[in-house]
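Worksheet: the structure to be examined is printed underneath.
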Protein chains: 2
Amino acid sequence: MKTTPPFLPLVRELVRTYQAFERVSAGHVRSMGLTPAQFDVVATLGNTQGMNPKQLGEKTLITKGTLTGVVDRLAEKGLVQRLPDPRDGRGQIVRLTAQGQALFETVFPAHVAHIGRALAGFDSARLGPTQQALHLLRQALEQAGGAEAEA
Amino acid sequence: MKTTPPFLPLVRELVRTYQAFERVSAGHVRSMGLTPAQFDVVATLGNTQGMNPKQLGEKTLITKGTLTGVVDRLAEKGLVQRLPDPRDGRGQIVRLTAQGQALFETVFPAHVAHIGRALAGFDSARLGPTQQALHLLRQALEQAGGAEAEA
DNA sequence: TATTGTTATACTCTATAACTATA
DNA sequence: TATAGTTATAGAGTATAACAATA
């Protein structure tokens, strides 16, 4: 008879909590006419001067082949534009258009407010400690990921 | 000039920590020949006598139309089978086949061990408090989700 | 009438690899 | 040769709605 490893309940709770957040978040994102990946890109480009697809992929965890499609669809909607990278003839800069910037300025605060309402019942004194607890957990996981890549 | 709401860093940390977990987990799941959704179904059916698609969808958060396809593909691989529900002529019971059960018994412990290695660097004294912190956060989010559905 | 599960549609994301054009 | 990004391919999940069988 095996014993359940002691870390499993924590992992389950992490997954469930994230899923609870996703339910709150994704529904609202879709109601704005964006997919989660598209929202991620718009949110990442917001308040920047744009960046190349490589950086964008690293920040959003979207691989380059997929990112081309995501950016294509955002460009079709008139939310982002591709500009040549003056420093590298192979490269480009993806940035929000004026319309994309306007969307970001409207939609992002609305989304933040939506999440804020969902967290209204959460004791604000616990915000910091919870964040710190997650941070330590993440550090362990990322360290493992790095070690794994080397193995 | 706006102030960043105090809960945003926590939310960001939740998302990043989950993504770090996913990187550790999803790579291993795929190496076993299952997609995340398929693994989720197999793990949910493991150690049960099977359940109907409705319950399965509720536990895995997969909607019914999608679940039909996921179960189809698992059935093609010989890992699950559909049995008529003796209590309800409309319903069915999805359960692991012997092969599916064998896979579960091999693959699930391997996956747990993989995650365990990734968490080797995490202070075990923090397991409980971190889990509890997440639980409280999840409660707030789920309470909000319920309230939202009523609105 | 309401519910269970399937089917159909259309889209999006995913992984992978071959390809181009620059560097 | 190596890198940035696109294209091609095949598969899988998503939302949504219409549908058949049963309750």
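Naming: A, B, ... by sequence-line order, numbering from 1 per chain.
Positionally, the nearest nucleotide of DNA chain C for D85(B) lies more toward the 5' end than for the other of D85(B) and Q38(A). Projected onto DNA chain D by closest heavy-atom contact, P36(B) and R87(B) fall at different nucleotides, the more 5' of which corresponds to P36(B). Residue whose closest nucleotide on DNA chain D sits further toward the 5' end, between R82(A) and R90(A): R90(A).
Residue Q101(A) forms a side chain to side chain contact (heavy atoms under 4.5 Å, CB included) with just one option from L96(A), L79(A), L45(A), V42(A), and that option is L96(A).
Of the candidates dA4(D), dA15(C), dG5(C), the closest approach to any side-chain atom of R30(B) belongs to dA15(C). Of the candidate nucleotides dA15(D), dT6(C), dA15(C), dT6(C) has the atom nearest to the side chain of T68(B). Nearest to the side-chain atoms of A37(B) among the listed nucleotides dG5(C), dG13(D), dA15(C) stands dG13(D). Ranking dA15(C), dA23(D), dA15(D) by closeness to the D88(B) side chain, first place goes to dA23(D).
Among the heavy atoms of the strands lying under 4.0 Å from T35(A) are primed sugar atoms or P, OP1, OP2 only; no base atom is included. Across all strands, G65(A) comes closer than 4.0 Å to base atoms (heavy-atom distances). In this structure, K64(B) reaches the bases: a heavy-atom distance under 4.0 Å links it to at least one base atom across the strands shown.
Remark: R90(A) engages D88(A) in a salt bridge, criterion side-chain N to carboxylate O under 4.0 Å.
To the nearest angstrom, P of dG11(D) lies 17 Å from CG of L34(B).
OP1 and OP2 of dG13(D) both lie 4.0 Å or more from every side-chain N or O belonging to T66(B). The shortest distance between the side-chain N/O atoms of T63(B) and the OP1/OP2 oxygens of dT14(D) is not below 4.0 Å.
Under the 3.5 Å distance criterion, with hydrogens and angles disregarded, no donor-acceptor pair is assigned to the side chains of K77(A) and Q99(A).
At most 12 non-hydrogen atoms from other residues, nucleotides or ligands lie less than 6.0 angstrom from NZ of K59(B).
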